[in-house]
Amino acid sequence: MSAEPSDVSGVHDDAAEANRVRIFDTTLRDGEQSPGASLSSAEKLEIARQLARLGVDIIEAGFPAASPDDLLAVQRIAEEIGSDDGPVICGLARANEEDIRAAWEAVQPAAKPRIHTFLATSNLHMERKLRMSRSEVKTRIGEMVAFAAGFCADIEFSPEDGCRSDPDFLVEVLTIAIEAGATTLNIPDTVGYTTPDEYFALMRKLINETPGAERVIWSAHCHDDLGLATANTLSAIRAGARQAEVTINGIGERAGNTALEEIVMALHTRPRFYDLHTTIDTQQLLRTSRMVSNYTGLVVQPNKAIVGSNAFAHEAGIHQDGMLKDQRTYEIMTPATVGYAESRLVLGKHSGRHAFRKRMEELGFELTDENLNVVFVRFKELADKKKNVTDADLEALVADEFYGPQEIYRLVDIQVACGRPGMPTATVRLAGPEESVIRPAIGTGPVDAVFRAIDQIIGQPNTLIEYSVHSITEGIDAMGEVTVRISDPEGEHTYGGYGADVDIIVASAKAYLGALNRMLAMRGSRHRRAEGQAAEIQIAATQSQAQ
Ligand code: KIV
Ligand code: ZN
């Protein structure tokens with residue numbers, strides 16, 4: 001059954017286009033707002049490259065006005081990923097001239113740039129946060145959408161906290177946005193408050209009652225505070241929305257955003273129910289999920305739909321029996337459809353440099369000769385210890401080597417003694433900004449001893465919030481992946497780290513060091529920004545005294 005409203009079809013050229021749901025990925029913007037998910041610009045670029053490979057229609061690459069680093073990261077993505085046949089590159093801006101200028105500066109190099117501007121429309125937000133009246137909000141929206149449209153033809157407008165806004169006021173606001181040049185209207189459930197039926201009714205009302213509705217694409221943007229983000233987004237799509245704003249693994253503010261993989265696979269697995277499609281290459285889903293998890297340090301729960309490690313595991317005897325007879329008894333989609341085809345042997349100990357380079361290229365890694373050599377050496381070491389080296393192993397090696405944070409401290413040597421009876425002892429040597437330093441430490445276990453030795457060298461107070469280890473592939477010789485999250489002493493920010501190695505103690509050391517490096521780098525740049533702002537204030541004060 002399809003609930004396509006007849007009045008949205010005018011915007012599309014043909015039926016196929018009318019039934020296409022655009023995938024707007026905001027992993028690098030709303031996703032990066034997850035506690036502890038801060039990414040370096042190299043990591044952002046690599047994720048953007050993978051999102052393009054996945055086939056998303058729009059990448060919301062960041063919030064350029066947030067800081068010069070954010071602006072540069074979006075600009076780099078626009079330059080390198082935003083080609084003619086690549087995705088639209090979008091930058092977020094509050095509804096003010098400064099933000100919109102910054103967004104435009106960042107996305108301008110893309111072949112298909114988009115500015116996404118927003119202003120809150122719920123009574124609560126307007127009265128308590130913005131301290132603006134309804135008429136001031138309407139004026140600002142008209143002016144700022146028009147201002148953005150002066151730079152760029154593709155403009156998205158979002159009434160923030162849309163699902164708690166007065167629906168009739170929303171119609172007024174969205175009419176103004178269309179008249180001012182908006183081409184996509186996004187209705188955010190900013191606080192994850194709505195329900196599927198309510199969101200359906202709201203989307204239908206807005207599409208039916210807003211003059212000019214047929215000229216724009218309607219979009220859903222949901223947060224998962226009540227665990228309803230996917231259901232709500234699908235409901236909005238059934239009501240006529242043709243853009244879904246989503247993140248990989250559902251990462252995002254608080255409980256997160258709608259998970260891209262869930263929307264895509266729901267539409268893919270239930271074609272007769274939805275009669276809608278996306279242009280996503282579903283076989284890239286797992287790989288994208290792993291990359292985002294590794295780079296952000298946000299572990300995917302084992303029972304996560306589509307990409308969790310148990311998503312295709314069958315434990316109950318009855319289920320296993322059914323699976324052996326016919327997989328369709330307990331599987332509604334095949335693991336291969338979402339990219340689980342890779343447990344096959346890829347390369348082994350006798351594979352040469354040529355085969356290795358070819359596989360890396362097939363996996364889409366654009367490595368310089370020098371970097372390829374680095375990974376080749378790691379691959380050979382791994383192949384000596386592990387018979388079958390899979391794609392997942394190779395991805396982990398690349399993530400481990402190149403996509404951590406800036407390396408302020410580097411692991412040089414590590415030695416651990418443990419067992420029973422005895423005192424777990426670790427000796428660690430790190431290369432620091434000035435010299436390399438060795439320290440021993442005793443801990444409650446070997447990992448604790450290693451972390452204590454690292455703490456002794458770096459001396460950066462922090463709290464360990466999460467430590468998780470899992471094997472990349474099956475078997476006793478599998479590489480271990482470790483993810484660590486720490487928070488600063490004030491408990492304000494969290495930082496993730498990732499490490500992969502056949503030795504999980506080494507992987508743990510790398511992950512902890514990664515998180516600490518990220519913390520040092522981010523604290524450093526925040527400190528420099530604060531110093532810069534203080535200097536600007538000082539200069540401004542001196543100038544005004546001189547006048
Ligand atoms: O959740 C929200 O309201 C947002 C907007 C900026 C679209 O992320
Ligand atoms: Zn959001």
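All residue numbers refer to positions in the sequence shown, counting from 1. Keep in mind that the numbers below use all heavy atoms, side chains included, and drop hydrogens, waters and symmetry copies.
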Item to check | Results of side chain to side chain contact (heavy atoms under 4.5 Å, CB included) for Gln33 - residues two or more places apart only | outcome: Arg29, Asp30, Glu253

Next on the checklist: Less than 4.0 angstrom from a charged side-chain N to a carboxylate O is my criterion; do Arg204 and Glu209 meet it?
Outcome noted: no

Checklist entry - Taking Thr337 for the side chain and Thr334 for the main chain, is one N or O donor matched with an acceptor at less than 3.5 Å? => result yes

Checklist entry - Any side-chain heavy-atom pair from Glu481 and Asn294 closer than 4.5 angstrom? => result yes

Checklist entry - If you look at every heavy atom in Gln283 and Ala336, which pair is closest and at what distance? => result CG-O, 3.6 Å

Next on the checklist: Does either side chain, that of Asp85 or that of Ser83, offer a donor lying less than 3.5 Å from an acceptor on the other one?
Outcome noted: yes

Next on the checklist: For Leu228 versus Thr194, what's the shortest heavy-atom pair and its separation?
Outcome noted: CD1-O, 3.7 Å

Item to check | Sub-4.5 Å side-chain heavy-atom contact between Ile115 and Ile100 | outcome: yes

Checklist entry - Taking the side chain from Asp25 and the backbone from Thr247, do they hold a donor-acceptor pair closer than 3.5 Å? => result no

Next on the checklist: Between Asp57 and Arg20 (salt bridge meaning N to carboxylate O under 4.0 Å), is one present in this structure?
Outcome noted: yes

Next on the checklist: Check whether Lys112 reaches the backbone of Gly86 with its side chain - one donor and one acceptor, N or O, closer than 3.5 Å.
Outcome noted: yes

Next on the checklist: Against Ser219, only a single residue in Arg22, Glu156, Gln243 fulfils side-chain hydrogen bond (donor to acceptor under 3.5 Å, both in side chains); can you say which?
Outcome noted: Gln243

Checklist entry - Salt-bridged, Arg215 to Glu179, with N to O below 4.0 Å? => result no

Checklist entry - Thr288 and Gln284: side-chain donor and acceptor closer than 3.5 Å? => result no

Item to check | Sole candidate of Thr117, Thr121, Asn186 that passes side-chain hydrogen bond (donor to acceptor under 3.5 Å, both in side chains) when paired with Ser158 | outcome: Asn186

Next on the checklist: Are more than 12 heavy atoms, taken from residues, nucleotides or ligands other than Asp84, located less than 6.0 Å from that residue's CG atom?
Outcome noted: no

Checklist entry - Heavy-atom distance under 4.5 Å between the side chains of Val338 and Phe312, does that happen here? => result yes

Checklist entry - Hey, is Arg49 close enough to Glu46 for a salt bridge, meaning N to O under 4.0 Å? => result yes

Checklist entry - Between Glu160 and Lys129, is there a side-chain N and carboxylate O pair less than 4.0 Å apart? => result yes

Item to check | Ser165 (side chain) donor-acceptor with Pro167 (main chain) under 3.5 angstrom | outcome: no

Checklist entry - So, the side chain of Thr139 versus the backbone of Ser135: is there a donor-acceptor pair under 3.5 Å, distance only? => result yes

Next on the checklist: For Thr195 and Glu198: C-alpha separation, side-chain torsions, deciding distance, then whether side-chain hydrogen bond (donor to acceptor under 3.5 Å, both in side chains) applies.
Outcome noted: CA-CA 5 Å; Thr195 65; Glu198 189 181 66; 4.6 Å; no

Next on the checklist: Assess the residue pair Leu234 and Tyr274 against the criterion (side chain to side chain contact (heavy atoms under 4.5 Å, CB included)); give the C-alpha distance rounded to whole Å, side-chain angles, the decisive distance to 0.1 Å, and a yes or no.
Outcome noted: CA-CA 9 Å; Leu234 288 170; Tyr274 288 106; 3.4 Å; yes

Checklist entry - Taking all atoms of both residues into account, what is the closest heavy-atom pair of Leu286 and Gly339, and its distance? => result CD2-O, 3.7 Å

Checklist entry - Among side-chain atoms of Asn303 and Gln301, is any donor-acceptor pair under 3.5 angstrom? => result yes

Checklist entry - Does Ile89 reach the side chain of Pro113, with side-chain heavy atoms less than 4.5 Å apart? => result no

Item to check | Parallel, tilted or perpendicular: rings of Trp104 and Phe151 (30°, 60°) | outcome: parallel

Checklist outcome for this item: Closest non-hydrogen atoms of Phe157 and Ala182, given as atom of the first, atom of the second and distance, are CB-CB, 4.3 Å

Checklist entry - Think Arg134 forms a cation-pi with Phe169, using NZ or CZ under 6.0 Å from the six-ring centre and within 45 degrees of its axis? => result yes

Checklist entry - Mind checking whether Leu45 and Ile81 have side chains closer than 4.5 Å, heavy atoms only? => result yes

Next on the checklist: Do Lys44 and Asp70 make a side-chain contact, defined as non-hydrogen atoms from C-beta onward lying under 4.5 Å apart?
Outcome noted: yes

Checklist entry - Is there a side-chain contact between Arg131 and Met126 (heavy atoms, below 4.5 Å)? => result no

Item to check | Side-chain donor or acceptor of Thr269 paired with backbone N/O of Ala266 under 3.5 Å | outcome: no

Checklist entry - Is a side-chain N or O of Tyr199 found less than 3.5 angstrom from the main chain of Ile187, in a donor-acceptor match? => result yes

Checklist entry - Are more than 12 heavy atoms from other residues, nucleotides or ligands located less than 6.0 Å from atom CD of Glu490? => result yes

Checklist entry - Is any side-chain heavy atom of Glu32 closer than 4.5 Å to a side-chain heavy atom of Leu28? => result no

Checklist outcome for this item: salt bridge (charged side-chain N to carboxylate O under 4.0 Å, His left out) filter on Asp224, not counting sequence neighbours, yields none

Checklist entry - Between Thr296 and Val292, what is the shortest heavy-atom contact and its length? => result OG1-O, 2.6 Å

Checklist entry - In a check of side-chain contact (heavy atoms from CB on, under 4.5 Å) between Pro64 and each of Asp69, Val74, Asp99, which one passes? => result Val74

Checklist outcome for this item: Closest non-hydrogen atoms of Arg518 and Leu39, given as atom of the first, atom of the second and distance, are NH1-CA, 3.9 Å

Item to check | Pair Arg140 + Glu136, salt bridge at N-O below 4.0 Å | outcome: no

Checklist entry - Are a donor atom and an acceptor atom from the side chains of Thr233 and Thr258 found within less than 3.5 Å of each other? => result yes

Item to check | CG-CG distance between Leu276 and Leu267, expressed to the nearest 0.5 angstrom | outcome: 6.0 Å

Item to check | Whether Ser122 side chain and His125 backbone form a donor-acceptor pair below 3.5 Å | outcome: yes

Next on the checklist: As an exercise, state the distance from CZ of Phe63 to OG1 of Thr26, rounded to the nearest 0.5 Å.
Outcome noted: 11.5 Å

Item to check | Pairing of Asp225 and Arg254 as salt bridge, 4.0 angstrom limit | outcome: yes

Checklist entry - Does a side chain donor of either Glu172 or Thr175 reach within less than 3.5 Å of an acceptor in the other side chain? => result no

Item to check | Donor-acceptor contact below 3.5 Å, side chain Asn249 vs main chain Ile251 | outcome: no

Next on the checklist: Taking CZ in Arg270 as the centre, count heavy atoms belonging to other residues, nucleotides or ligands within less than 6.0 Å. Is the count above 12?
Outcome noted: no

Item to check | Test log, rule side-chain hydrogen bond (donor to acceptor under 3.5 Å, both in side chains), inputs Ser235 and Asn232 | outcome: CA-CA 5 Å; Ser235 207; Asn232 287 338; 5.9 Å; no

Item to check | Step-by-step side chain to side chain contact (heavy atoms under 4.5 Å, CB included) determination, Val88 to Ile59 | outcome: CA-CA 6 Å; Val88 170; Ile59 295 178; over 6 Å; no

Item to check | With sequence neighbours excluded, residues passing side chain to side chain contact (heavy atoms under 4.5 Å, CB included) with Pro109 | outcome: Gln75, Ala78, Glu79

